[in-house]
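None of these values were measured; they are calculated from a predicted model. These numbers come from the heavy atoms of this one structure, side chains and all, not from hydrogens, waters or symmetry mates.
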Amino acid sequence: MQESAPTLLHTPVHDAHVAFGARMVEFAGWEMPISYRGITEEHVHTRSACSMFDVSHMGRLKLSGTDCETFLNRLCTRNLSGAEVGRSYYAHICREDGGILDDVIVSRFATHWGIVCNASNRDKVVAWIEMHRAGADVAMEDQTRATAMLAFQGPRAMDLASEVSGQDLSTIKRYRHRTFEFLGMPITIYRSGYTGEDGVEVVLPAGAAAMLLPRVLGTPDAPHPEIRPAGLGARDTLRIEASMPLYGHELSEDWDSLTAGQAWCVDLQKEFIGASAMRELQARGLPRQVIGLELDGRRIARQHQPVHAADGVGGEITSGTLSPTLGKSIAMAMVSTAYCEPGTALDVELSGKRVPARVVPMPFYKRGK
């Protein structure tokens with residue numbers, strides 16, 4: 001008996017991707033646009049103007065109840081005690097041994113909390129919350145399929161998003177959010193992103209997303225002059241330039257937040273799941289860490305390719321790209337702490353050939369003020 005292929009999920013604006021000529025691929029159980037006009041063109045447009053990314057496949061969970069703050073503070077690496085209404089916080093959810101289950105954005109609303117998690121980890125995060133909320137006054141609602149999330153990123157993003165929404169969004173500070181009524185529906189604007197550029201991520205009812213899109217992108221025959229759609233391919237090259245970690249690459253259950261170079265989102269002064277393991281690791285010293293590399297030439301380093309030091313294998317590549325902005329081959333790698341110092345010479349093995357590389361500070365790219 002022939003097995004049927006699994007049915008891929010579609011986001012609320014799937015038809016628009018097809019109409020604009022996107023090349024669609026499977027990603028974490030969803031059919032998503034990888035590119036429209038080419039990854040490099042979409043990357044450059046994001047760095048110079050404004051791109052719209054459909055990120056509706058990411059998980060959106062609503063938590064409510066009197067114990068939410070205590071519960072989330074126990075669950076997340078970030079200290080959420082006294083979190084301000086209107087603030088969002090980047091954090092990790094970890095196992096007892098420190099292994100990273102996911103990286104999330106936790107947002108404080110007046111009546112509830114919100115969590116945005118990775119599409120590939122949504123089931124895992126939901127199960128983890130279900131397991132640990134037992135006995136606590138914490139209710140959870142998975143709003144992923146009921147809402148859409150669209151990201152507008154680039155130096156023109158704030159002006160154009162303000163123009164479309166009729167709201168002055170410039171008053172929203174980084175990692176803050178605001179909910180208001182737009183065309184008779186609730187819409188939440190988060191000033192965040194995953195490209196290294198300024199911009200917002202917009203959450204709105206799923207049924208309204210397709211109705212809003214022509215105001216944002218225009219139509220395939222009459223596209224918006226400045227806002228263009230961009231796919232997951234450009235999103236990946238943009239985040240590598242900005243040295244933002246990606247789950248399954250720089251973040252993994254195989255290592256902890258400190259080893260991943262994300263100590264800034266970890267508060268070891270408080271108690272959370274995984275804190276004891278990380279304190280012990282910190283006391284012993286990290287045996288390996290994530291670093292930035294620049295390679296000679298223009299060949300691209302791929303995940304898991306070996307990184308060699310003069311005295312042996314030093315680690316492996318986690319992500320790499322040929323940076324459209326810098327014109328250099330750049331990569332992130334997990335290597336022995338002995339090779340983390342900027343300026344250290346290493347080799348990356350690409351298809352059996354060693355290519356010289358050197359350790360450089362991250363981020364590779366930082367937008368101007």
Side-chain angles (χ1 to χ4, degrees), residues 76-79 90-103 196 236 239-296 299-321 323 326 328-350 353-366:
C76 298
T77 56
R78 198 76 176 267
N79 193 339
Y90 177 85
H92 291 175
I93 296 176
C94 299
R95 301 186 312 212
E96 291 286 359
D97 65 359
I100 304 167
L101 289 169
D102 200 11
D103 61 327
D236 193 49
R239 70 95 190 166
I240 294 174
E241 280 188 351
S243 302
M244 294 177 167
L246 175 64
Y247 198 88
H249 290 252
E250 288 72 40
L251 307 175
S252 167
E253 289 191 47
D254 295 335
W255 53 78
D256 63 285
S257 310
L258 305 181
T259 300
Q262 303 293 302
W264 66 272
C265 74
V266 179
D267 185 351
L268 290 178
Q269 303 303 308
K270 66 152 193 167
E271 293 303 326
F272 62 90
I273 300 172
S276 295
M278 285 191 227
R279 288 191 199 105
E280 291 176 12
L281 184 62
Q282 187 182 54
R284 291 197 307 269
L286 301 176
R288 54 185 180 164
Q289 280 189 277
V290 173
I291 59 161
L293 289 173
E294 278 187 12
L295 285 71
D296 287 355
R299 294 183 66 188
I300 296 174
R302 303 296 185 188
Q303 187 179 26
H304 302 311
Q305 288 177 320
V307 177
H308 297 276
D311 54 355
V313 176
E316 66 175 37
I317 297 294
T318 54
S319 298
T321 190
S323 165
L326 306 173
K328 299 176 180 176
S329 180
I330 58 175
M332 289 187 271
M334 177 69 77
V335 302
S336 167
T337 303
Y339 310 123
C340 287
E341 192 66 25
T344 301
L346 298 168
D347 289 335
V348 179
E349 186 176 324
L350 306 180
K353 182 178 180 182
R354 292 192 181 195
V355 175
R358 69 213 58 81
V359 180
V360 296
M362 295 191 288
F364 303 105
Y365 164 85
K366 195 171 184 179

Heavy-atom pair with the smallest gap, counting every atom of Gln303 and Gly248: NE2-O, 2.7 Å

Taking atom types as modelled, find out whether Tyr90 and Asp103 have a side-chain donor-acceptor pair closer than 3.5 angstrom. yes

State, yes or no, whether a side-chain contact exists between Val290 and Pro245 at a heavy-atom distance under 4.5 Å. no

Please check this pair: side chain of Thr321 against backbone of Ser323, looking for a donor-acceptor N/O pair closer than 3.5 Å. no

If you look only at pairs with a residue in residues 266-275, which of them pass as a salt bridge (Lys or Arg N to Asp or Glu O under 4.0 Å), with sequence neighbours excluded? Glu271-Arg279

Any Lys328 side-chain heavy atom under 4.5 Å of Phe364 side chain: no

Taking all non-hydrogen atoms of both residues into account, name the closest pair between Met244 and Met332 and its distance. O-CE, 3.9 Å

Could you report the tightest heavy-atom contact between Ala242 and Gly196, atom names first, then the distance? CB-CA, 3.7 Å

Between Glu250 and Arg239, does any NZ, NE, NH1 or NH2 come within less than 4.0 Å of an OD or OE carboxylate oxygen? yes

Tell me the closest heavy-atom pair linking Cys265 and Thr77, and the distance in Å. O-OG1, 2.8 Å

Between His92 and Gln262, is any side-chain donor less than 3.5 angstrom from a side-chain acceptor? no

Option among Val307, Ile317, Thr318 that satisfies the side chain to side chain contact (heavy atoms under 4.5 Å, CB included) test with Val335: Val307

